[in-house]
S.K.: 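One structure, as structure tokens, below. Some questions next.
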Amino acid sequence: MMESSLPALEAILLVGGQGTRLRPLTLGTPKPLLPTAGVPFLAHQLARARSFGVRRIVFATSYKASMFEPVFGDGAAFGLSIEYMTEETPLGTGGAIRNAAEALTSAPSDPVLILNGDILSGHDIGLQVREHLSRDAAVTLHLTEVDDPSRFGCVPTDDEGRVTAFLEKTPHPVTNRINAGCYVFTRSVIDRIPRGEVVSVERETFPGLIESGELVLGYADRTYWLDVGTPAAFVRGSSDLVLGRLGSPALPGPPGEFLALDGASVSPEAKVHGGSAVGSGVVVEAGAVVSGSVLCDGSVVRSGATVADSVIGVGARVCSGAVVRDAVIGDGAVVGPGNELRAGIRLWPGVELPECAVRYSSDV
Ligand code: GDD
Ligand code: MG
């Protein structure tokens, strides 16, 4: 990936969304800071961006804005220089980009990278920027293909890669090709977004540029791509990173079946696999089975419990014989012995489910 890195590129990272689909995890922690394969989610995006030549990043914050700087500081630990620009009230994606651009040093004709703050992507950012520069585009959008494009920005292109329409969350998508949430903007195009107003790049800026005949380019590829905005996608993203399905310079250890941070206690008689991430202070007792899951710091999985494709919040407990599958257990919550939680269920922080009187057989 290094061969297509570029000199000292600037970027804006959009991290002001509320992450509503990830509640209750995002009640206390903004989505970009959720522990993912052992580190805050953004660490993966920052490390990749840096590997492609990004040296300065402006964080566009709003929701829980004050929580970012204590984690990332001035960026030196990541080999970056990080600035923070906060919207008092959320300005939408376009308004956020315009607001953050006040902190850019780029000249009007320079390319500026814009990243949605909830994307894992294996694409070559350097190639995307080169394509943008060589075609002298106003904006170049990374595009990927998904099975259900109605949940994303649907982006048809012509044979030369020119974007012909931008259809945000349309019930009638015309192609499976979607906006992958990583843009190269020519700086002067950002400066034309109205300042201090609520603007959506997806619903206003992109359609407006296309309408007025400017070159909006698609950079399509089929590398690893995931928006971690739902609980199911979030746990998949973390386990894919742990398993090494997407390489990340920020992974705190070698890829493998699971990753345990310092201070975690995993019994040799427990089965922990499928890319599970085990936080510090976590206890996994003998006979427990944990697969494809995120166990946040200080959580406990007791003997004989099963946790699959789930997030167990900070300090939460899954008691003996309980089954937690495709679920989110909020911080400090307790799943009493014998309970079975499945299929997208979410337990709010601090909720304690008492022991379940009816015990299930061990083959559930
Ligand atoms: N600063 C700031 N202010 N950031 C915001 C705001 C805001 O008002 N609103 C959203 N964001 C940030 C979010 O934090 C996230 O990083 C990014 O903008 C996109 O918001 P999401 O809420 O994750 O949008 P989405 O996933 O439904 O759709 C977007 O991403 C898809 C790809 O994952 C759109 O860009 C789609 O077109 C795209 O396909
Ligand atoms: Mg998203």
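Order of appearance sets the numbers: ligands from 1, and atoms from 1 within every ligand.
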S.K.: Nearest to the Mg ion (ligand 2), which N, O or S atom of D227 do we find?
M.R.: OD2
S.K.: For ligand 1, does A96 get within less than 4.0 Å through its side chain, its backbone, both, or neither, judged by non-hydrogen atoms?
M.R.: side chain
S.K.: Please confirm whether G92 approaches ligand 1 to less than 4.0 Å, judged on its heavy atoms.
M.R.: yes
S.K.: Using heavy atoms and a 4.0 Å limit, tell me yes or no: is F206 in contact with ligand 1?
M.R.: no
S.K.: For ligand 1, is there an atom lying under 4.0 Å from some heavy atom of K31?
M.R.: yes
S.K.: Is the closest basic N to carboxylate O distance between D191 and R187 below 4.0 Å?
M.R.: yes
S.K.: Nearest non-hydrogen contact with atom 25 (P) of ligand 1 belongs to which option: Q18, M85, K169, R151?
M.R.: K169
S.K.: Looking at ligand 1, does any of its N/O atoms fall within less than 3.5 Å of an N/O of E87?
M.R.: yes
S.K.: Could you establish whether F59 and ligand 1 come within less than 4.0 Å of each other, counting only heavy atoms on the residue side?
M.R.: no
S.K.: When you measure from the Mg ion (ligand 2) to each N, O or S atom of D118, which atom gives the shortest distance?
M.R.: OD2
S.K.: Looking only at distances, please establish whether an N/O atom of ligand 1 is found under 3.5 Å from an N/O atom of I119.
M.R.: no
S.K.: What is the nearest protein non-hydrogen atom to atom 23 (O) of ligand 1, stated with its residue, atom name and distance?
M.R.: D118 OD2, 2.8 Å
